[in-house]
Each structure stands twice: as C-alpha cells, then as structure tokens.
Amino acid sequence: MGAANRQPWATSALCAMVALMALGCDIGPMRSTGGSGQTAVIVDDREISVHQVDRALQTQQVQGRKTEPSDVIRRLVDRQLAVNEALKVKLDRDPRVMLQLEEIRLDVLANAYASKVAADIPNPTPDEIRAFYERHPELFAQRKFFALSELYISVESPGIEEVRTRLFEGQGPVEVAAWLDQQGLAYHQDTVVRTSEQIPLEALPGIHKAKVGDRVIFESPRTLYVYTILMSVDSPYNLERAESLIIDYLNKQKVKKEMAWRMQSLRQAASIQYLQEPGTQTPAPTDQQ
C-alpha cells in the first residue's frame, strides 16, 4: 500500500492519540483489531477502534459541527459503557430491542444500495449543465434575493377550502390569518429572506416576475403558501459559479429517477404477498407481482 493510501489512517490515529493524551489516558502501544484498524480505547475488554473515532469525527464535520477528537472519544467511551451494561442485563435479547436493531440493519443495507446506485451514475455532461443553466435564468443569470412575507397552511387543515375561497375573493394574508386565528386553526407566518434556489422551483417563476407588494399563491401536495414580495435584489450567477449547484441538482434528479425505475423493476420481478393489513387481524388479499 502506497504512502498516499496510508495517510488518512495515520492522521486518524494521530488525532485519536492526541485526544487520549488530552484526556489523561495512559497510551500503550496501539493494538491491532484483527487487521481492520487500530484500537483507540479499550473499555472493559471492549475495543473502540480508530475507524470508529474517525467516522464519528467525519459525521460531525458533515453536520457542520466543530468537535474536538477528545470530545468524540469521550462520547464513544460513554456509549460503550452503556452498551456494556445493556449486554450484562441481556437487553440485546429484548424483542423490542431486537426489532429496532434489525430495522437499523435493514436501513443501512438499503441506503448502501442507494449509495452504490448513485456512485455508478455519471456526472452530467458540459452540454447538459449549460442547457439547464439556460433553461432556468431565474435561478442563475437572473438570480435574486427576496424578502418575503410568508404564510402557509397544511392542505389537510379543516379550514383549507375556506382559505382558498378567501384568497380567490382577493383577501390578503393579514385577513386570512385573522380568520384562522378566530377559528383556532394552525398556520405559520413569518418574514424570511430567500434566494432564488431556496424557493420551490414550481413557485419561482411567479415570484420572480412579481413586483414589490404583489402576492403569489402556490400550493404543493402538502402545503398552501401565500407569499408577499417585500423586496427583491439582483444577485446573478454566471455559468462557472452555478456549475457545482447544477451538477448536484442534476445528479440528485438522476439518482431519484434511476431508483424509481429500479424499484419498479424489482417490484415486478419479486413475489410480494401482503398477508395482513397493519393494525388489523384480517389477512389482506395476496398480491403477487
């Protein structure tokens, strides 16, 4: 194995050792864990590997949290202590715990499959990137910052039809909110700053064309939105600056489409039998595909 391949693990091991020194731990020789990595900590004969420390640090970084390695190791040690106690009282054999563990295992496997599918999909070509840029000037060449007054309500609300009627008759969000308050119905209202890409793509053309003071009504499958334009400021992106955003968006769309196609194919090829409706004792009709 070359030096370039060894470097990440060497860095991880160094971080773990520094963290352990900061915790005042007596660090003997780093022990091998069967060739899968090096041991960072031993808690009552249970090993916490450098791999685990490194993964925990990476997770914190992905979540945008700045965490010291010593804090991560302290949490891993606390977790291992709790696990050790759980094993002593055989909680790993509790049916509810076993079900949760199995659900986690299945989720990890399903997500690993989705990640593999995503990794196999090629990035969009330069022509695809340029075409998307030119099709959506409101996102890029004519991108804006908007200050918006935003009122939104679930389409499942018992008052949704009356809200639609009042909006159609020309009532503004202030009047609609007052009526919702009188009825004791839940809704959300706020003043927000959004860039073009932070607005639902379906709603963006209407908001982009609107003038200050205009109202824009948009309904998604779950939510009815009423936007009032308070301010808009031009903030364009050229193609070079937009490229990474476009690649990310197109890749997500490709993965979504590919996974939908694969799931449909797998359903058609599989034998699926619904034996019982959830929450009932009545067997459901068998559905073989």
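Only this structure's heavy atoms are used, side chains among them; waters, hydrogens and symmetry mates stay out. Counting begins at 1 with the first residue of the sequence.
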Between the CG atom in Leu180 and the CZ atom in Arg166, the distance rounded to the nearest 0.5 Å is 8.5 Å
Is Leu76 reachable from Val83 through a run of I, L, V, M, F, W or Y residues, each pair having side-chain heavy atoms under 4.5 Å apart? no
Tightest non-hydrogen contact, residues Leu151 and Ala177, listed as CD1-CB, 3.8 Å
Salt bridge between Lys254 and Glu128, side-chain N to carboxylate O under 4.0 Å?
-> yes
Next on the checklist: Main chain of Val192, side chain of Asp190: is a donor-acceptor contact present, judged purely on distance under 3.5 Å?
Outcome noted: no
Rounded to the nearest 0.5 angstrom, the CD1-CD distance for Ile48 and Gln80 is 5.0 Å
**Study point:** Criterion side chain to side chain contact (heavy atoms under 4.5 Å, CB included) on Leu87 and Arg46, from CA distance to verdict
**Key:** CA-CA 12 Å; Leu87 293 174; Arg46 302 274 181 172; 3.6 Å; yes
d(Ile160 CD1, Glu162 CD) to nearest 0.5 Å is 10.5 Å
Passes side chain to side chain contact (heavy atoms under 4.5 Å, CB included), Ile153 versus Thr223? Steps please.
-> CA-CA 6 Å; Ile153 180 172; Thr223 309; over 6 Å; no
Output for pair (Ile217 CD1, Arg164 CZ), nearest 0.5 Å, gives 11.0 Å
Would you please classify the geometry between the His136 ring and the Phe132 ring as parallel, tilted or perpendicular, with 30° and 60° separating the classes?
tilted
So, Glu156 versus Ser154: side-chain donor-acceptor pair below 3.5 Å or not? no
*asked:* Between Asp127 and Arg130, does any NZ, NE, NH1 or NH2 come within less than 4.0 Å of an OD or OE carboxylate oxygen?
replied: no
Residues 153-206 vs ring pair (Phe, Tyr, Trp, His ring centres under 6.0 Å), sequence neighbours excluded, gives Tyr152-His188
Would you list the atom pairs, donor with acceptor, under 3.5 Å between side chains in residues 205-213 and any protein atom, with sequence neighbours excluded?
{"residue": "His208", "atom": "NE2", "partner": "Gln142", "partner atom": "O", "Å": "2.8"}

For Phe140, the ring pair (Phe, Tyr, Trp, His ring centres under 6.0 Å) test, sequence neighbours excluded, returns Tyr133
Going by chain and number, the hydrophobic cluster around Leu101 (ILVMFWY, side chain to side chain under 4.5 Å) further includes Val97
Leu250 reachable from Leu201 in the ILVMFWY side-chain graph, under 4.5 Å edges: yes
Does a donor on one side chain sit under 3.5 Å from an acceptor on the other, for Arg215 and Thr228?
no
Assigning hydrophobic clusters by single linkage (Ile, Leu, Val, Met, Phe, Trp, Tyr; side-chain heavy-atom cutoff under 4.5 Å), is Leu57 placed with Val77? yes
Establish, for the pair Arg194 and Phe146, whether the NZ or CZ atom is under 6.0 angstrom from the six-membered ring centre and no further than 45 degrees off its axis. no
Residues at least two apart in sequence or cross-chain that pass side chain to side chain donor-acceptor pair (under 3.5 Å) with Lys252, listed by chain then number, are Asp248
For Val255, the other hydrophobic cluster members (4.5 Å side-chain criterion, sorted by chain and number) are Tyr113, Val117, Ile121, Met259, Met263, Leu266
In this structure, CG of Asn84 is separated from CG of Asp45 (nearest 0.5 Å) by 9.0 Å
